[in-house]
Amino acid sequence: LKYAPASPQALELRGDVAEIKGDHELAAASYARAQRVDAERASIPLKYGNALNRRGEPHRALDAYQEALRRDSGMCEAHINTAATLQELGRLAAASQAIRQALRLQPDHPQALFTQANLLLESGRCDEAIQWYQKALAVDPRHAAAWLHLGHAWKQRGLLKKAVEAYRQA
């Protein structure tokens, strides 16, 4: 940044380092500036949205994810993050629409499968959620959050032995 203060790559890298250090304020500021300088790369507004979410600003994060999708409508991660953020805001119908788009793009994306399962579980569709958690785990058997949530789903169904097995895998 000292030698190229307007370099989007340098600004993005500063944001990445700030995120690793847990400085979401600096990360968000760096990504916001990089986004203004580089109007093409979708990864920058995606990272900006993630930093905003970590700062507790989900509405602004949604705007950033929409900018990422404007730049690259096929960016699966932006659809997934949009869905997860909408779910966090209680907007389940919109979240379901976003995750369906992610699954159309990448049907075997473990985080998309996991997010779909979470939406189903929150909607009270426990049996379907279990199937989606299992799909996520078939793709990525080390997905700890999927194991944990599968355990919650089994527990909700009253199948404690299966729940304990899933918790142990997490």
Side-chain angles (χ1 to χ4, degrees), residues 8 12-13 15-20 22-24 27-28 30-32 34-35 38-154 156 166 169-170:
E12 183 178 12
L13 183 58
D16 293 345
V17 171
E19 277 290 293
I20 290 167
D23 187 347
H24 308 303
S30 298
Y31 294 137
Q35 180 175 283
D38 183 336
E40 293 182 23
R41 284 189 304 142
S43 63
I44 297 172
L46 176 72
K47 290 177 179 184
Y48 180 45
N50 293 342
L52 290 169
N53 248 337
R54 289 184 188 100
R55 283 181 46 188
E57 299 183 54
H59 291 93
R60 289 184 61 205
L62 284 174
D63 291 340
Y65 297 143
Q66 290 309 304
E67 176 60 21
L69 290 168
R70 186 192 64 73
R71 295 177 183 199
D72 180 0
S73 62
M75 181 179 246
C76 188
E77 291 82 4
H79 288 288
I80 294 167
N81 293 2
T82 296
T85 303
L86 288 166
Q87 179 182 6
E88 178 184 319
L89 293 171
R91 296 172 51 193
L92 299 184
S96 292
Q97 185 177 3
I99 203 59
R100 280 194 302 273
Q101 181 61 30
L103 287 165
R104 276 193 287 278
L105 293 168
Q106 292 186 30
D108 291 329
H109 193 294
Q111 194 63 31
L113 296 165
F114 172 72
T115 302
Q116 172 67 12
N118 287 342
L119 285 164
L120 290 165
L121 190 62
E122 188 167 336
S123 298
R125 297 161 60 186
C126 190
D127 291 334
E128 289 175 80
I130 288 169
Q131 293 172 0
W132 284 91
Y133 288 129
Q134 290 171 328
K135 287 179 185 181
L137 290 165
V139 175
D140 181 2
R142 297 182 312 161
H143 195 304
W147 282 112
L148 179 67
H149 287 243
L150 177 61
H152 295 332
W154 284 125
Q156 189 174 324
Q169 292 292 324

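Q169 pairs by the side chain to side chain contact (heavy atoms under 4.5 Å, CB included) definition with W147, not counting sequence neighbours. Remark: R125 pairs with E128 by the salt bridge (Lys or Arg N to Asp or Glu O under 4.0 Å) rule, at least two apart or across chains. Residues forming a side chain to side chain contact (heavy atoms under 4.5 Å, CB included) with S73 (at least two apart in sequence, or on another chain): none. Applying the side chain to side chain contact (heavy atoms under 4.5 Å, CB included) criterion to Q131, with sequence neighbours excluded, gives no partner residue. In this structure, the side chain to side chain contact (heavy atoms under 4.5 Å, CB included) partners of S30, at least two apart in sequence or on a different chain, are R14, L26.
For the residue pair I99 and Q116, the shortest heavy atom distance occurs at CG2-OE1, 2.9 Å. Considering all non-hydrogen atoms of both residues, A84 and T115 come closest at N-CG2, 4.3 Å. Of all non-hydrogen atoms in A27 and A18, the two that sit nearest each other are N-CB, 3.6 Å.
Taken to the nearest 0.5 Å, the CG atom of L86 stands 5.0 Å off from the CG atom of L62.
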Compile the donor-acceptor pairs under 3.5 Å between side chains in residues 102-114 and protein atoms, sequence neighbours left out, one pair per line.
{"unit_1": "R104", "atom_1": "NE", "unit_2": "Q101", "atom_2": "OE1", "d": "3.2"}
{"unit_1": "R104", "atom_1": "NH2", "unit_2": "Q101", "atom_2": "OE1", "d": "2.9"}
{"unit_1": "H109", "atom_1": "ND1", "unit_2": "Q111", "atom_2": "N", "d": "3.2"}
{"unit_1": "H109", "atom_1": "ND1", "unit_2": "A112", "atom_2": "N", "d": "3.4"}
{"unit_1": "Q111", "atom_1": "OE1", "unit_2": "H143", "atom_2": "NE2", "d": "3.1"}

Pairs under 3.5 angstrom only: tabulate donor-acceptor contacts from the side chains of residues 133-140 to other protein residues two or more places apart or in another chain.
{"unit_1": "Y133", "atom_1": "OH", "unit_2": "N118", "atom_2": "OD1", "d": "2.5"}
{"unit_1": "D140", "atom_1": "OD1", "unit_2": "R142", "atom_2": "N", "d": "3.1"}

Under 3.5 Å, which donor-acceptor pairs do the side chains of residues 42-57 form with other protein atoms, sequence neighbours left out?
{"unit_1": "S43", "atom_1": "OG", "unit_2": "E12", "atom_2": "OE2", "d": "3.4"}
{"unit_1": "K47", "atom_1": "NZ", "unit_2": "E12", "atom_2": "OE2", "d": "2.9"}
{"unit_1": "K47", "atom_1": "NZ", "unit_2": "D16", "atom_2": "OD1", "d": "3.1"}
{"unit_1": "K47", "atom_1": "NZ", "unit_2": "D16", "atom_2": "OD2", "d": "3.1"}
{"unit_1": "Y48", "atom_1": "OH", "unit_2": "R60", "atom_2": "NH2", "d": "2.7"}
{"unit_1": "N50", "atom_1": "OD1", "unit_2": "Y65", "atom_2": "OH", "d": "2.7"}
{"unit_1": "N50", "atom_1": "OD1", "unit_2": "N81", "atom_2": "ND2", "d": "2.8"}
{"unit_1": "N53", "atom_1": "ND2", "unit_2": "Y65", "atom_2": "OH", "d": "3.2"}
{"unit_1": "N53", "atom_1": "ND2", "unit_2": "T85", "atom_2": "OG1", "d": "2.8"}
{"unit_1": "R54", "atom_1": "NH1", "unit_2": "E19", "atom_2": "OE1", "d": "2.4"}
{"unit_1": "R55", "atom_1": "NE", "unit_2": "E57", "atom_2": "OE2", "d": "3.0"}
{"unit_1": "R55", "atom_1": "NH2", "unit_2": "E57", "atom_2": "OE2", "d": "2.6"}
{"unit_1": "E57", "atom_1": "OE1", "unit_2": "R60", "atom_2": "NH1", "d": "2.6"}

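Sorted by first and then second residue, the salt bridge (charged side-chain N to carboxylate O under 4.0 Å, His left out) pairs with a member in residues 67-77 read E67-R70, E67-R71; sequence neighbours excluded. Applying the salt bridge (charged side-chain N to carboxylate O under 4.0 Å, His left out) test to residues at least two apart or on different chains, none of the pairs has a partner in residues 78-97.
Contact check for L121 versus Q156: side-chain heavy atoms found under the 4.5 Å cut-off.
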